[in-house]
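This report concerns only the one structure given below.
This is a predicted model, so every value here is computed, not measured. Lettering of chains follows the sequences in order, A, B, ..., and the numbering in each one begins at 1.
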There are 2 protein chains.
Amino acid sequence: MSDVARTAGVSVATVSKVVNGRYGVAQATVERVQQVIHELGYEASLGAQSLRSHRTNVLGILVAEFEPFSTELLKGASREVAGSGYQLLAYSSGDGEGAAIGWERRSLARLSGTLIDGAVIVTPTVIETKQGFHVVAVDPHTGPSGLPTVDSDNFAGAVLATNYLLSLGHRRIGHISGRPDLESARLREAGFRKAMADADVAVDERIVRVGGFRTESAAGTAAALLSLPDRPTAIFAGNDLSAISTMDVARSMGLTVPDDLSVIGFDNVPESALVNPPLTTIMQPLQRMGAEALRLLIDLIAGVERDTHIRLPTELVVRASCRPYR
Amino acid sequence: MSDVARTAGVSVATVSKVVNGRYGVAQATVERVQQVIHELGYEASLGAQSLRSHRTNVLGILVAEFEPFSTELLKGASREVAGSGYQLLAYSSGDGEGAAIGWERRSLARLSGTLIDGAVIVTPTVIETKQGFHVVAVDPHTGPSGLPTVDSDNFAGAVLATNYLLSLGHRRIGHISGRPDLESARLREAGFRKAMADADVAVDERIVRVGGFRTESAAGTAAALLSLPDRPTAIFAGNDLSAISTMDVARSMGLTVPDDLSVIGFDNVPESALVNPPLTTIMQPLQRMGAEALRLLIDLIAGVERDTHIRLPTELVVRASCRPYR
DNA sequence: ATCGGTATCGATAACGTTTTCGAGTCACTC
DNA sequence: GAGTGACTCGAAAACGTTATCGATACCGAT
């Protein structure tokens with residue numbers, strides 16, 4: 001900036017005023033300075049700017065890692081931010097495996113006082129919101145709490161999945177649930193039980209087990225379920241990862257999907273369409289969730305009065321991993 | 001930070017030393033300060049930190065938008081950054097459509113003096129590298145120039161695609177090329193011509209036309225090609241978007257793919273597996289490109305001597321959009 | 001000739017850090 | 001008991017920007 005000032009023959013203060021379009025600079029000076037800025041390719045330093053003015057027109061989206069789930073959200077957010085006058089900054093603390101819990105608090109502390117005007121946090125655990133700074137949570141571990149939240153209807157989606165299996169004639173339906181500390185996992189299990197109850201089908205507790213939402217842990221659970229003497233004819237997995245893992249295990253045990261076993265997942269990650277057979281699953285509108293979260297954040301900053309909890313509908317996506325019983 | 005200093009009964013200078021593990025602080029003091037830091041949940045402000053020290057342990061990845069191409073790169077980069085001691089910050093200028101060219105220069109200027117220690121830039125056009133600051137380009141418009149670069153073997157991939165169509169017996173093969181200002185598009189066309197020449201098949205210039213890599217423009221080109229009296233029996237599209245667009249146009253003209261027309265794409269974006277029929281295409285290892293770019297950047301910063309141009313192999317992915325001629 | 005008002009600009013403090021360097025304390029040595 | 005060195009700590013400057021406020025110049029009016 002001082003380069004620009006020197007070249008244009010003015011002070012840095014004047015350059016700053018020109019950059020920010022403040023009143024009190026002669027028209028001729030404005031043009032001259034802008035010319036020099038253009039020539040030198042000057043661009044304000046984000047760091048210094050925010051340090052002083054606490055306003056950057058940059059919104060943050062904080063994720064533990066850039067995996068399929070969060071990158072889909074990112075796409076949606078990116079589409080929404082275009083033309084809003086904001087820029088988007090995605091930040092990952094990069095501690096592999098999200099090993100260090102509390103990443104969301106630390107990242108937020110690092111970026112909030114400075115750098116960004118507001119943030120979308122993906123699947124946060126604990127969240128104490130510093131006041132005067134706006135935060136939107138997407139799919140938080142604990143379900144909608146005090147924070148403005150965007151999530152999808154996990155309960156209804158689980159009912160959808162279970163009813164689909166029931167409609168195919170399955171009665172002996174197993175469930176591989178997610179991590180018990182996650183609200184979404186609890187809701188999916190609850191939806192499963194509700195649908196079973198409504199259909200007057202008793203749930204056999206021996207075929208409802210924790211799979212933990214991860215490939216390896218789900219594989220263990222699937223193997224246990226499938227080696228029972230009266231194994232389930234269909235399995236509702238808590239997420240697509242678990243479902244895919246279940247199909248692998250089934251194959252390795254000599255079972256073919258969907259002939260010997262129907263499997264349905266949850267999430268509709270891109271991979272679910274690529275596996276063999278393509279996975280029937282419940283879609284969460286991830287991109288739309290990202291877009292809604294960003295819109296909500298922008299509105300909050302602008303002071304718009306609105307509903308601060310958005311729940312988006314889930315949908316059944318029928319592919320080829322389920323088949324009528326018998 | 002001054003809060004921490006006051007609570008711990010020391011000066012901010014001492015706190016800074018503790019945070020950065022500098023020598024010259026008594027063991028007892030270190031422990032007391034760390035205790036207070038933990039209690040107050042203090043985290044250094046990225047902005048102020050970089051402003052002063054020009055070292056943040058944060059690497060940037062600059063993209064025009066978060067679309068499938070760049071988010072795949074991002075996944076790869078994210079995996080690579082884990083455990084490296086760096087954090088990852090993805091930045092998008094957010095001018096929809098990349099309308100404003102020069103976004104890469106402006107974003108870089110905004111973040112480089114401060115905030116990030118180095119950057120990966122995705123599909124940049126012009127790039128003047130400020131010295132003392134490390135930049136890696138992924139798939140640059142102009143091909144490998146002075147900058148350290150990661151790209152995939154577009155030429156060999158195009159040869160692969162063309163040879164596949166030839167091996168199916170097609171002779172009348174059309175090509176919908178990309179934007180002429182992109183090196184990758186030029187290389188793909190060149191590969192196409194090379195393969196045709198090697199097979200002693202003449203290229204009919206009327207069925208080689210610019211499609212521009214975008215859905216709408218490619219649709220126009222496809223429509224023109226397919227309404228020729230002697231339309232091609234197979235089309236090699238410059239990228240998957242163009243290929244998908246071509247299939248749509250073919251369908252709307254009453255042609256079925258692959259029976260009446262074979263189509264092959266390039267990129268292997270996730271969407272290509274989801275369309276009907278699933279698209280046969282050439283895979284670029286996007287995630288691996290992201291990972292390689294990040295590794296290269298880290299090495300450059302560390303001063304490791306190494307090759308600064310990485311070209312990754314492409315691969316044929318056979319799905320269902322091509323069929324033998326006759 | 002003086003004054004008030006307006007338009008324009010620049011000096012300067014502040015934002016939250018890091019780094020340098022000098023000052024203070026203490027134990028030891030001669 | 002004074003000098004020496006090692007160890008610990010804090011004052012202050014600097015990074016690049018923005019906001020405040022006072023300085024200057026010029027104009028027209030009294």
Side-chain angles (χ1 to χ4, degrees), chain A residues 1-34 36-37 40-58 106 108-117 130 132-133, chain B residues 1-34 36-37 40-58 87 106-117 130 132-133:
Chain A
M1 187 172 220
S2 60
D3 281 351
V4 174
R6 200 174 327 109
T7 313
V10 295
S11 73
V12 292
T14 304
V15 175
S16 172
K17 285 176 203 162
V18 172
V19 170
N20 297 61
R22 294 269 176 286
Y23 175 78
V25 183
Q27 187 57 32
T29 313
V30 171
E31 282 165 12
R32 182 158 36 97
V33 172
Q34 280 174 339
V36 174
I37 287 178
L40 299 190
Y42 164 80
E43 205 77 19
S45 151
L46 225 199
Q49 199 170 38
S50 74
L51 184 57
R52 178 59 222 242
S53 70
H54 289 212
R55 169 89 194 174
T56 57
N57 282 326
V58 175
R106 282 183 292 110
L108 204 55
R110 197 123 196 261
L111 302 181
S112 70
T114 54
L115 276 184
I116 55 178
D117 296 344
K130 339 178 63 171
F133 183 79
Chain B
M1 188 172 219
S2 61
D3 280 353
V4 175
R6 201 174 326 112
T7 313
V10 295
S11 74
V12 290
T14 304
V15 176
S16 172
K17 285 176 204 162
V18 171
V19 170
N20 297 62
R22 294 270 174 286
Y23 175 79
V25 182
Q27 187 56 34
T29 313
V30 170
E31 281 166 12
R32 182 157 36 97
V33 171
Q34 279 174 339
V36 174
I37 287 177
L40 299 190
Y42 164 80
E43 205 75 17
S45 151
L46 226 199
Q49 198 169 36
S50 73
L51 184 57
R52 177 58 221 243
S53 71
H54 290 214
R55 170 90 194 173
T56 56
N57 281 328
V58 175
Q87 300 178 318
R106 284 184 290 109
S107 299
L108 203 55
R110 196 125 198 262
L111 302 181
S112 70
T114 54
L115 275 184
I116 56 179
D117 295 345
K130 337 178 65 170
F133 183 80

key: Closest listed nucleotide, where the reference is the side chain of A:Tyr23 and the choices are D:dA11, D:dA19, C:dA7   = C:dA7
query = Hey, does B:Val19 reach any base, or is it just sugar-phosphate, or nothing, if we go heavy atoms under 4.0 Å?
reply = nothing
Nucleotide D:dG16, atom P - distance to CZ of A:Arg55 in whole Å = 24 Å
query = How do B:Val15 and A:Val12 order along DNA chain C: which one's closest nucleotide is nearer the 5' end?
reply = A:Val12
task = Could you please spell out the steps behind the side chain to side chain contact (heavy atoms under 4.5 Å, CB included) verdict for A:Gln49 and B:Arg110?
result = CA-CA 10 Å; A:Gln49 199 170 38; B:Arg110 196 125 198 262; 2.7 Å; yes
ask   = Between B:Met1 (CE) and C:dA14 (P), how many Å, whole number?
value = 19 Å
key: C:dT8 OP1/OP2 closer than 4.0 Å to side-chain N/O of A:Thr29   = no
Side chains of A:Leu46 and A:Val58 in contact at under 4.5 Å (non-hydrogen atoms) = yes
note = Rounded to whole Å, the CD1-C1' distance (B:Ile37 to C:dT17) equals 13 Å
request  = Grab the CZ-C1' distance between A:Arg6 and C:dG10 for me, whole Å please.
outcome  = 16 Å
key: Nearest-angstrom distance from the residue atom NZ of B:Lys17 to P of C:dT18   = 12 Å
inquiry  = Would you say that B:Ser50 contacts B:Arg55 through its side chain, given a criterion of any heavy-atom pair below 4.5 Å between the two side chains?
reply    = no
ask   = With nearest nucleotides of DNA chain C determined for B:Arg22 and B:Leu51 from heavy-atom distances, which residue corresponds to the more 5′ nucleotide?
value = B:Leu51
query = Can you tell me how far P of D:dT18 sits from CG of A:Leu46, to the nearest Å?
reply = 11 Å
request  = Among the candidates C:dT18, D:dC9, D:dT17, find the nucleotide nearest to the side-chain atoms of A:Tyr42.
outcome  = D:dT17
note = To the nearest 0.5 Å, atom OG1 of B:Thr7 lies from atom CD1 of B:Ile37 at 10.5 Å
ask   = Are side-chain heavy atoms of B:Leu108 and B:Phe133 found at a separation under 4.5 Å?
value = yes
query = Can you find a side chain N or O atom of B:Gln49 that sits less than 4.0 Å from OP1 or OP2 on C:dG16?
reply = no
ask   = To the side chain of A:Thr14, which of C:dG16, D:dA12, C:dC9 is closest?
value = C:dC9
ask   = Which nucleotide in the list C:dG10, D:dT17, C:dC15 gets nearest to the side chain of A:Val10?
value = C:dG10
query = How long is the line joining CG of B:Asn20 and C1' of C:dG16, in whole Å?
reply = 13 Å
request  = Check whether the side chain of A:Arg52 and the base of D:dT17 form a donor-acceptor pair under 3.5 Å.
outcome  = no
request  = Specify the separation, in whole Å, of atom CG of A:Leu115 and atom P of D:dG16.
outcome  = 16 Å
key: Out of D:dG10, D:dA14, D:dT18, whichever nucleotide has its closest atom nearest the side chain of B:Ser11   = D:dG10
ask   = Taking the side chain of A:Ser16 as heavy atoms from C-beta outward, which of C:dA7, D:dT17, D:dT18 is closest to it?
value = D:dT18
Sugar-phosphate only, base, or nothing, as touched by B:Ala26 at under 4.0 Å among non-hydrogen atoms = sugar-phosphate
request  = Taking only the side-chain heavy atoms of B:Ala48 (C-beta and beyond), determine which of C:dG16, C:dT18, C:dT20 contains the nearest atom.
outcome  = C:dG16
inquiry  = What I'd like to find out is whether the side chain of B:Thr29 reaches to under 4.5 Å of the side chain of B:Thr14, using heavy atoms alone.
reply    = yes
